[in-house]
Each structure stands twice: as structure tokens, then as C-alpha cells.
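Okay, so here's the structure we're looking at.
Only heavy atoms go into these numbers, but all of them, side chains included; no hydrogens, no water, no symmetry mates. Throughout, numbering of the chain's residues begins at 1 and tracks the sequence. First listed ligand is number 1; within each ligand, the first listed atom is number 1.
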Amino acid sequence: MAGEHVPVLLQPLLRAVAPVSGTWLDGTFGAGGYARGLLAAGADRVIGVDRDPLVFAMAAPWAGEFGDRLRLVQGTFSDLDSLAGEPLDGVVLDLGVSSMQLDLADRGFSFLRDGPLDMRMGQDGPSAADMLNAADESVIADVLYHYGEERGARRIARAIVAARPLTRTAELAEVVSGCLPRPKPGQSHPATRSFQAIRIWVNDEFRQLVDGLTAAERALRPGGRLAVVSFHSLEDRIVKRFMQARSNSAGGGSRYAPVQDSAPATFTMPFRRAIGPDPDEESSNPRARSALLRVAVRTDAPAGAVDADALAMPRLPKGDR
Ligand SMILES: C[S@@+](CC[C@H](N)C(=O)[O-])C[C@H]1O[C@@H](n2cnc3c(N)ncnc32)[C@H](O)[C@@H]1O
């Protein structure tokens with residue numbers, strides 16, 4: 001594993017949700033940076049949820065120092081209300097993979113470190129290799145296009161099918177790179193978008209996000225805070241549309257406005273815009289460059305159903321799984 005994990009946007013998040021008290025749920029516990037930050041900022045208790053069992057083994061040496069102020073639970077944040085089992089004063093989600101998951105070649109997330117083609121955050125269910133080796137070429141192309149905004153999707157899908165069975169991340173990175181122009185200096189690795197898309201597919205990340213936001217609406221007390229950090233525009237768009245729709249602030253002409261036209265708002269939005277890193281964090285932590293934080297505050301209106309299509313959740317034409 002490479003250097004110590006540096007939590008992204010932690011200080012802006014703590015400022016945006018201050019004052020912190022009561023019971024918070026960190027739905028993406030990872031290396032525990034947010035959980036520790038919330039406990040230090042005044043949370044009475046934090047419930048740390050992660051789908052990856054390895055993070056709890058990694059937290060074992062230090063988690064005990066917080067006694068019963070820190071409860072760790074393996075599970076997905078789509079179920080955060082039932083995992084919490086109690087009303088919450090705050091929910092934080094720091095989306096995507098952790099640096100630990102990216103850095104461990106064995107987890108199969110990285111195009112820079114060769115490893116088994118795995119990409120499962122929860123280490124259960126079908127791996128990236130299982131899914132890529134079984135899927136129709138058109139489904140692979142849809143995944144690359146809809147989940148990665150990859151314009152070379154059809155070309156890459158054809159090359160993946162021709163190269164099957166694929167078992168290693170380096171093989172996949174080579175197949176993808178062979179279909180795209182050589183990157184210019186400063187441009188990202190050609191496999192970036194494809195690896196992102198396949199990871200989202202394997203972990204059903206957009207469905208997780210929509211269900212997690214809805215579960216947070218059910219779990220939060222009036223006045224409770226929801227804070228979400230996202231790393232790419234497809235994720236951020238879902239978070240933004242959710243918060244706008246649930247606070248009835250989608251704007252008059254928007255086709256998303258009818259989602260909650262007549263129902264009372266379940267959230268308010270204390271900040272008009274997403275919050276990004278300050279210049280110091282941007283220069284010291286490259287992962288922070290694309291990070292965006294959005295915050296919403298729960299009202300006392302009853303929780304309701306959310307229409308995933310109205311949140312612009314990217315969908316695969318032939319079904320998401
Ligand atoms: C970016 S890291 C979080 C880092 C954390 N905020 C910290 O400061 O250490 C994301 C973590 O969320 C977990 N994760 C991603 N999606 C999840 C989901 N749907 N349910 C539960 N955990 C999830 C990943 O396994 C990973 O450990």
C-alpha cells in the first residue's frame with residue numbers, strides 16, 4: 001500500500017455541517033478519516049459502514065480507542081437506514097473507491113498495477129472478469145458509453161470480445177489503450193474512463209447512490225445533515241438533482257421539477273453551489289481536484305419515493321445488471 005490515506009474535503013465538510021453533535025453515519029468508512037473527523041468535531045457517536053470487509057481489519061488497531069462511540073458495520077449504504085436502526089443526526093458519503101483499494105494490485109481496480117481483473121469493493125458477487133467475459137459486445141459498449149462517457153465504446157467493446165477471456169487488469173488496460181490515440185502530455189491514461197465504467201457496473205454504483213440518498217432521507221431526523229462528496233460528473237449530477245428535487249428547488253422551467261411539485265420539501269439546501277477543494281488542498285492532494293461536496297438539511301416532511309429516472313441516473317438500454 002502506498003502512503004497514508006488523506007481524506008478529501010474533510011475540513012470543508014466539517015465546516016459545512018457544523019455544529020456536529022448526536023449520531024452520525026459514515027456510509028463510506030474506508031480508512032476512517034471522515035469518521036475520526038466527525039468524532040473529533042463533536043459527534044457523540046459514529047456508525048461506520050463499508051461494503052469492503054478489509055477496511056474493518058485495517059481499522060482494528062485504532063477503532064477501539066473510541067469505545068462505543070464508534071460502531072462498525074459491514075454493508076452497503078443503500079441499506080443505511082436499516083443498518084443504523086435508529087434516527088440519525090447526519091449522514092456522510094464519500095463516493096467511489098479508496099486509495100487503499102486502488103493501491104492494492106490484488107483488488108484489480110488499477111490500470112497501473114497489474115492484478116486479477118476483480119474490481120469488487122465488497123469482494124462478493126461476480127468480478128469484472130466474470131462480467132466482461134460473459135456479456136454481449138453491445139452490453140459492454142453500453143457500459144463504456146453510459147457509465148464512462150467513452151466515445152470509443154463500440155471499438156473498445158469489439159476489442160475486448162476479441163481478446164477474451166481476460167483475466168488481468170494489465171491485459172484490459174492494453175486492449176483499451178490499443179483502441180485509443182496515444183495520450184498527449186498531461187492527459188489522463190487512455191484506460192481511465194473504461195476502468196471507471198466497468199467498476200461502476202461491477203459495483204452497481206449508481207443504483208447504490210440513488211438508494212443511499214433515499215435511505216438517508218428516511219433515516220435523518222428533522223435538522224439532520226446529508227453531505228455527499230462525489231468525484232465525477234455522472235455521480236455529482238445524481239446528487240445535485242436529488243437535492244434539488246427534494247428541496248423543490250429544481251427551478252421553474254426544469255423537466256425535473258415535477259418530481260416533488262406538490263409534496264412538501266424533505267430537504268433544504270444551505271449552499272447554492274457545490275463546494276470544491278481550496279487551493280492548498282488542490283495542490284497537496286491530487287485526488288481532491290475533481291471532488292465536489294454537496295450538503296442538504298432534512299426538514300420534518302415525511303420521506304417519500306424517489307424516481308431514479310428523474311435524477312438522471314445513467315441506465316443501460318438492456319438493463320443495468
Ligand atoms: C473514497 S473511500 C472513503 C474514504 C473515507 N472517507 C476516509 O476518509 O477514509 C470510499 C469507501 O466507500 C466504500 N463504498 C463505496 N461504495 C459503497 C457502498 N455502496 N456501500 C458501502 N460502502 C461503499 C468503499 O469500499 C471505500 O472503502
Side-chain angles (χ1 to χ4, degrees), residues 1-14 17 24-41 43 46-59 61-63 66 70 72-84 90-104 106-110 118-125 147 196 199-216 219 227-232 234-236 238-239 277 281 285-293 313 320-321:
M1 189 177 151
E4 198 185 322
H5 174 78
V6 184
V8 167
L9 294 188
L10 175 61
Q11 294 312 324
L13 180 139
L14 292 175
V17 300
W24 283 65
L25 183 140
D26 175 355
T28 51
F29 180 76
Y34 279 19
R36 295 170 85 123
L38 289 165
L39 287 164
V46 170
I47 303 165
V49 173
D50 204 294
R51 68 196 300 182
D52 185 347
L54 192 62
V55 306
F56 303 115
M58 296 183 73
W62 60 266
F66 293 100
L70 179 62
L72 301 180
V73 187
Q74 191 196 341
T76 54
F77 58 61
S78 55
D79 299 321
L80 69 86
D81 54 338
S82 46
L83 293 174
V91 169
V92 292
L93 300 176
D94 178 15
L95 301 174
V97 274
S98 66
S99 5
M100 178 272 277
Q101 288 163 334
L102 275 175
D103 288 345
L104 288 177
D106 269 5
R107 301 301 301 273
F109 286 102
S110 174
D118 190 320
M119 300 198 196
R120 293 169 300 173
M121 292 182 197
Q123 302 184 25
D124 56 355
Y147 291 174
Q196 172 195 299
R199 187 201 86 204
I200 289 170
W201 186 40
V202 169
N203 295 287
D204 206 8
E205 290 181 36
F206 293 135
R207 171 52 61 188
Q208 277 290 314
L209 178 55
V210 170
D211 289 353
L213 296 170
T214 317
V228 187
V229 173
S230 59
F231 288 88
H232 55 82
L234 296 173
E235 270 172 358
D236 180 56
I238 295 174
V239 178
E281 182 172 7
N285 189 356
R287 255 197 97 226
R289 271 172 218 155
S290 52
L292 282 179
L293 162 68
M313 180 179 121
D320 289 329
R321 297 309 292 268

Sequence neighbours left out, what passes ring-ring contact (aromatic ring centres under 6.0 Å, His included) with F231? Give chain and number order.
-> none
Fit a plane to each ring of F29 and F56, take the angle between them on a 0 to 90° scale, and name the class: parallel (under 30°), tilted (30 to 60°) or perpendicular (over 60°).
-> parallel
Quick one, list the residues around ligand 1 where some non-hydrogen atom comes in under 4.0 Å, by chain and residue number.
-> H5, P7, G27, T28, F29, G30, A31, G32, G33, Y34, D50, R51, D52, V55, G75, T76, F77, D94, L95, G96, V97, S98, Q101, M121, Q208, R287
Quick one: does N203's side chain get under 4.5 Å of Q208's, heavy atoms only?
-> no
Identify the two heavy atoms, one from A35 and one from L70, that lie closest to each other, and give their separation to 0.1 Å.
-> CB-CD1, 4.4 Å
Sorted by chain and residue number, the side-chain contact (heavy atoms from CB on, under 4.5 Å) partners of Q11 (sequence neighbours excluded) come out as L14, R15
Residues in salt bridge (Lys or Arg N to Asp or Glu O under 4.0 Å) contact with E281, at least two apart in sequence or another chain = none
